[in-house]
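Reckoned from all heavy atoms, side chains included, excluding hydrogens, waters and symmetry mates. Below, chains carry the letters A, B, ... as their sequence lines are ordered, and counting in each starts from 1.
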Amino acid sequence: MIKVYNTLTREKEIFKSIIPGKINMYVCGPTVYNYIHIGNARSSIAFDVVRRYFEYRGYQVNYVSNFTDVDDKIIQRAREEGVDEMTIANKYANAFIEDTLPLNIQPATVRARATEVIPDIIVFVQDLIDKGYAYEAKGDVYFRAKKFKGYGILAHQDLNEMTENAAGRLDDEEMTRKEDPIDFAVWKATQAEDEISWESPWGNGRPGWHIECSVMAQKYLSNTIDIHGGGIDLAFPHHTNEMAQSEAHTGQKFVNYWMHNGFVNVNNEKMSKSLGNFTTIHDMLKHYDDPMTIRLLLATTQYRRPINYSSDTLTQARVALDRIRTGYRNLLFRLNTAAVGKDADLEVTIKKQIAVFEMAMDDDFNTPNALAAVFELVTLANTYADNKTVKVETVQYLLDTILLLLGVFGITELNDKPQITDAQKQLLAARVSARVAHDFELSDQIRQQLSEGGVIVEDTAQGQRWHQA
RNA sequence: GGUAAUAUAGCCAAGUGGUAAGGCAACGGUCUGCAAAACCGUCAUCGCCGGUUCGACUCCGGUUAUUACCUCCA
């Protein structure tokens, strides 16, 4: 029984999919006008973990995410760089794909793009007009927010105050177009001749922000979807508006479970493109060669909580991951010297930790508690590996279990295939001989030499063990 | 101003009405030719003030601080 915190109800609810065994989820992807930063990555990773856990639990997950590839910021960026909008959009959409690959984020089942669904958007908007939920004004089309019952409840905002706030921001010209300051654009008239645009019943224009997600969620999933995810900042206005549009359009509930991840902070301030205090994944990957550390770092905090990003927390995550890898390797080394059979008692203990892991993840994806269970298994692995005799089936079971559970966090490789030179192989062999001969001076010297070449040698009761630094 | 969230050891971070998981760091042991790795042990009374309760860190009220959202933003 999996419980999911639903932003709409502000409660953890028992999860039940519409179709048994299958899940339709939509996660808001980036507006592609810049490289993604760690905050954006957190969102992708948080929902990747959600997806992987559902898959671990046996669900078939249909995961749709989008690129919003037409938008004010893209147009502005194109202006600044003197290129057309699609050049910008394609560049950063590709960068997103490149940057998320090393982070081991599974590709969406469908990766949709706003510009690919313009005809669907136009149909959608026309329907809103036909139903009286939207109106055209000088080429723009606005949604009558107050006509939609319950507008604003997702973000728990007071309608009157929202209206006041909105009014304060609008200029006179906008006020004359909008019936109500709180109304939002579902279609925007083209502002300049050279701007990207599509023909529509309301003249040349482009989609407003929000509408693309409503359209794509419906087109690639269904009228009612199980889960809709995104950063907490999207609760308002983005998801609020999506919900209003979609439900006005279909007359059905749009989303059963709204999930929102917390922010990544830097110095206790949110990391954001507008504040300029962001570290892009693109840059980070250039200077940091162990992207799995990011995945572990994010797993140490529950997805709804804010997380502070710093070199300290990153280092701690790196060390923690090393501990897991070392334990895994230590046990893996015993595979060579394991006896046939299994240790039934230990397997019972392992199963207990699996249960702890699952209980934690069932509770709204409590990765910190789940991770604690993994660490218990690592300690078990190290302790077991220290035994005089170990049984091959149990060693393998423990190895498989650690990898299986970490796989839910997207950490799917713990022992990168070591690559050593023939010379290093010979040195390792020579060192074994030296130790047999009790020539410690020579063996220490060889160990030093290997270490300089990045091969770390350790001596155990079962002989010489080595790994790459 | 409105609406929320958060406040737990040096750091990161879970958690329950009955005396605080896990990781990092630190300290002390064990093992080891040495080293490394590992294992064992030690290390907090939960922002502040009240209240409810036999008992609260866990509920209620207040207070302080921090952060976020209130149409750029994951």
Side-chain angles (χ1 to χ4, degrees), chain A residues 10 27-31 33-34 36-47 71-73 76 145 152 155-158 160-162 164-166 168-170 181-185 208-210 229-238 240-241 260-265 268-275 278 296-297 300-302 304-308 310 312-321 323-324 326-327 329-330 333 356 360 366-376 378-379 381-383 385-386 435 438 440-441 443-444 447-448 451 456-461 465-467:
Chain A
R10 285 195 215 166
V27 176
C28 284
T31 298
Y33 70 101
N34 201 343
I36 59 164
H37 60 238
I38 295 164
N40 299 300
R42 181 186 198 189
S43 189
S44 296
I45 288 173
F47 291 104
D71 154 280
D72 289 345
K73 293 185 293 295
Q76 191 192 330
H156 307 99
Q157 297 287 326
D158 181 80
N160 293 327
E161 298 213 6
M162 284 162 77
E164 280 177 37
N165 283 323
R169 285 162 203 259
L170 296 182
I182 205 172
D183 292 349
F184 58 91
W209 185 40
H210 320 307
I232 185 61
D233 59 321
L234 294 184
F236 186 84
H238 188 57
T240 294
N241 292 350
H260 294 97
N261 65 277
F263 275 117
V264 174
N265 295 147
N268 280 337
E269 202 177 43
K270 76 167 179 172
M271 177 181 292
S272 83
K273 290 178 183 172
S274 54
L275 289 175
F278 58 91
L296 192 77
L297 173 63
T300 60
T301 303
Q302 207 264 353
R304 283 190 283 122
R305 294 266 203 149
I307 185 169
N308 209 34
S310 69
D312 269 5
T313 54
L314 195 63
T315 300
Q316 286 184 13
R318 172 64 180 260
V319 174
L321 183 57
R323 173 173 163 75
I324 294 168
T326 302
R329 266 201 316 262
N330 289 169
F333 179 69
V356 170
N366 192 325
T367 54
N369 277 344
L371 187 59
V374 173
F375 277 108
E376 294 297 338
V378 169
T379 299
N382 278 318
T383 305
D386 270 348
R435 283 181 59 76
H438 282 76
F440 293 122
E441 202 178 326
S443 76
D444 287 357
R447 180 170 63 195
Q448 178 61 27
S451 160
I456 308 301
V457 179
E458 295 161 359
D459 297 310
T460 75
R465 177 173 79 195
W466 62 271
H467 68 272

If you check the [X] side chain, which of [options] turns out closest?
X        : options             : result
A:Thr326 : B:C12, B:C69, B:A37 : B:A37
A:His37  : B:U71, B:C73, B:A74 : B:A74
A:Pro368 : B:A38, B:A21, B:U71 : B:A21
A:Glu161 : B:U71, B:C39, B:G1  : B:G1
A:Thr383 : B:G1, B:C24, B:C39  : B:C39
A:Arg323 : B:C39, B:C69, B:A25 : B:C39
A:Glu269 : B:A68, B:C70, B:A74 : B:A68
A:Ala372 : B:C73, B:G22, B:G33 : B:G22
A:Ser274 : B:C73, B:A25, B:G33 : B:C73
A:Val264 : B:A74, B:G23, B:C12 : B:A74

Would you say [X] reaches [N]'s phosphate, i.e. side-chain N/O to OP1/OP2 under 4.0 Å?
X        : N     : answer
A:Thr379 : B:C39 : yes
A:Asn165 : B:C69 : no
A:Asn40  : B:A74 : yes

Mark yes or no for whether [X], through its side chain, and [Y], through its backbone, hold a donor-acceptor pair below 3.5 Å.
X        : Y        : answer
A:Asn261 : A:Arg304 : no
A:Ser451 : A:Arg447 : no
A:Thr300 : A:Leu297 : yes

Between [N] atom [atom2] and [X] atom [atom1], what is the distance in whole Å?
X        : N     : atom1 : atom2 : value
A:Arg329 : B:A36 : CZ    : P     : 16 Å
A:Asn308 : B:U6  : CG    : P     : 17 Å
A:Phe440 : B:U32 : CZ    : P     : 12 Å
A:Asp459 : B:A36 : CG    : P     : 12 Å
A:Ile182 : B:G2  : CD1   : P     : 18 Å
A:Trp209 : B:C72 : CH2   : P     : 8 Å
A:Ile38  : B:C73 : CD1   : C1'   : 16 Å
A:Ile307 : B:C11 : CD1   : C1'   : 13 Å

Can you check whether [X] reaches [Y] side chain to side chain, under 4.5 Å on heavy atoms?
X        : Y        : value
A:Asn330 : A:Thr460 : no
A:Lys73  : A:Asn34  : no
A:Tyr33  : A:Gln76  : no

Pairing check on [N]: which nucleotide meets the Watson-Crick or G-U wobble criteria with it, both distances under 3.5 Å?
N     : value
B:C48 : B:G62
B:C24 : B:G10
B:A4  : B:U67

### Query
On a whole-Å scale, what distance lies between the P atoms belonging to B:G61 and B:U52?
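Straight-line distance between the two P atoms is 15 Å.
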### Message
Using atom P in both nucleotides, what's the gap between B:A5 and B:G62 to the nearest angstrom?
### Response
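Their P atoms lie roughly 14 Å apart.
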### Query
Between A:Ala373 and A:Ala155, who's closer to the 5' end of RNA chain B by nearest nucleotide?
A:Ala155
Answer with yes or no whether [X] presents, from its side chain, a donor or acceptor under 3.5 Å of a partner atom in the base of [N].
X        : N     : value
A:Arg318 : B:G23 : no
A:Gln316 : B:C11 : yes
A:Asp444 : B:G33 : yes
A:Arg465 : B:A36 : no
A:Lys273 : B:C72 : no

### Message
Would A:His238 and A:Phe236 count as a ring-ring contact (aromatic ring centres under 6.0 Å, His included) here? Give the steps.
### Response
CA-CA 5 Å; A:His238 188 57; A:Phe236 186 84; over 10 Å; no
### Task
Pick base, sugar-phosphate or nothing for A:Asp312, based on heavy-atom distances below 4.0 Å to the nucleic acid.
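The answer is nothing, as A:Asp312 stays clear of every strand by at least 4.0 Å.
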### Query
Is the ring centre of A:Phe375 under 5.5 Å from the base ring centre of B:G22, and are the two planes under 30° apart, so that they stack?
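Stacking is absent between B:G22 and A:Phe375, given that the ring centres and planes do not meet under 5.5 Å and under 30°.
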